[in-house]
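Taking it in order: structure first as C-alpha cells, then the write-up.
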Amino acid sequence: MNGRTRELIERLAQEHHLTENEYAELIEDRDDEAAALLSQRAVAVRRAIYGDAVFTRGLIEISNICKNDCLYCGIRRSNGNIQRYRLTPEEILSCADEGHALGFRTFVLQGGEDTWFTDKALCGIVSELKRRHPDCAVTLSMGERSRESYQRLFDAGADRYLLRHETADAAHYARLHPPGMSFENRMRCLNDLKEIGYQVGCGFMVGSPFQTARELAKDLEFIEAFRPDMCGIGPFIPHHDTPFGDRSAGTLELTLYLLSIIRLIHPPVLLPATTALGTIHPQGREKGILAGANVVMPNLSPVGVRKQYALYDNKICTGDESAQCRHCLEARMQSIGYRLVVDRGDIHK
Ligand code: 5AD
Ligand code: FES
C-alpha cells in the first residue's frame, strides 16, 4: 500500500467522504494491505454502533414472473427456459407465519415486476401480514412502481423498500437494461420512496459488464449523497440464459473491499452479506461480515420454487428448509464470533 492510499483510507474513516476521483484512485490502487486496513476500520465503526450483532431478514421470493428484460437477470422476460411461478397470498402469508415461529421479525417480499401484484393485491398481503404480526417490519422489493403505488403500499403498512440503483452512471445503466427502462425513472423511484418515508435500500452488482473503477466511484458518490438506510451489493454472476451468460463474475476480493468502503462512507448503514457473495465463495458471507457487513438474509421461500428464482447460476440455499437456512447462518455467524439477532433490526441513526 502506498502512502497516498493509506491517507485516503484514514481520511475516509475520519470524514466519511472522498471525491469521485479519490474513490476511483482508492479502487484502482488497492492491494491486500489496503483491504486489511479498510476492513479493520470498517469493523471498528460498525462494532461501535452494533456491537457483535448481525441482523437477519427472512427473504420470501414471491414471483419469478417479470415484465422487464434486464440483460443480466435470469428471470428476464425473454428467458423462455425457466418455469415461472407466483406464490398465492396464502402461501406468502404462511411462509411469514413459519418465519415468525422461527423468530424472524423482518420479512422481505421480493419478486420480479409481476403485474398480477396490483396495488390492491399487494396492499392486501402487506396489511394482513402486519395484522398477524404487528411486531414485524415488512420490506418490499418489487421493482419500479408509480409514486401513488408506493404511497398506497406504505399506507398499507410497508416499512422498507429495496430497489438497487444498479449503477449510478446513466450511460452504464443503459448498457445493462433494455431501451424501455431508464436511469431517470430509477432515480425517481428512489427519491419518491425516501420522500414517502420508507427506509430505503439501494445497491449495485460488483463486476457487472462494462463496469470500471469510474462507475464504481460514481456508485460510492451516489451512496454518500443519497444516504440509504440499506445498501445491497454482491458480485455479478452470469446466468447462462442471458445476453451476459459468457461474461466473468465479479470477484470476492473487490466485493469485500467495497463493503468496507461503504461502511466507512455511512457508518450506520444496514449492509447485507448477500446470497450472491455466498455463491461465489463457500465462506463469502462470513467474509462479508468480517469486511463490515451486518445483515444476512436467509431464504424462507417454499423449497419447491427456490430453484426457479434463479437470477444467476449456482445460487446457494435452494434445497434447504427455512429452519435449516436460519440455523446454518446462526452457526456461520457464531463461527466468526458474531451473534445472529432476530429482532426488527432497525438502523441505529
Ligand atoms: N448476478 C448477481 N446479481 C444479480 N441481480 C440480478 N441479476 C443478477 C446476477 N446475474 C441482482 C440485481 C437485482 C437484485 C434483486 O439481484 O442487482 O437488483
Ligand atoms: Fe441457507 Fe446456509 S444459509 S443453507
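Atoms within each ligand, like the ligands themselves, are counted from 1 in listed order. Just so you know, these numbers use all the heavy atoms, side chains as well, and skip hydrogens, waters and symmetry mates.
Not counting sequence neighbours, the partners of T242 by the side chain to side chain contact (heavy atoms under 4.5 Å, CB included) test are R76, H239, F244. In terms of the side chain to side chain contact (heavy atoms under 4.5 Å, CB included) criterion, residue partners of R84 (sequence neighbours excluded) are, by chain and number, N64, I65, I75, N79, I82. For A44, there are no side chain to side chain contact (heavy atoms under 4.5 Å, CB included) partners, not counting sequence neighbours.
Salt bridge R47/D52: absent, no basic N to carboxylate O contact under 4.0 Å.
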N/O pairs closer than 3.5 Å, ligand 1 and protein:
residue: ligand 1; atom: 1 (N); partner: I237; partner atom: N; Å: 3.0
residue: ligand 1; atom: 1 (N); partner: I237; partner atom: O; Å: 3.3
residue: ligand 1; atom: 10 (N); partner: Y72; partner atom: O; Å: 3.0
residue: ligand 1; atom: 10 (N); partner: I237; partner atom: O; Å: 2.7
residue: ligand 1; atom: 10 (N); partner: L311; partner atom: O; Å: 3.4
residue: ligand 1; atom: 17 (O); partner: R164; partner atom: NH1; Å: 2.9
residue: ligand 1; atom: 17 (O); partner: E166; partner atom: OE1; Å: 2.7
residue: ligand 1; atom: 17 (O); partner: E166; partner atom: OE2; Å: 3.3
residue: ligand 1; atom: 18 (O); partner: E166; partner atom: OE2; Å: 2.5

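Ring planes of F107 and F104: tilted class, angle from 30 to 60°.
A side-chain donor-acceptor contact under 3.5 Å links H17 and E224.
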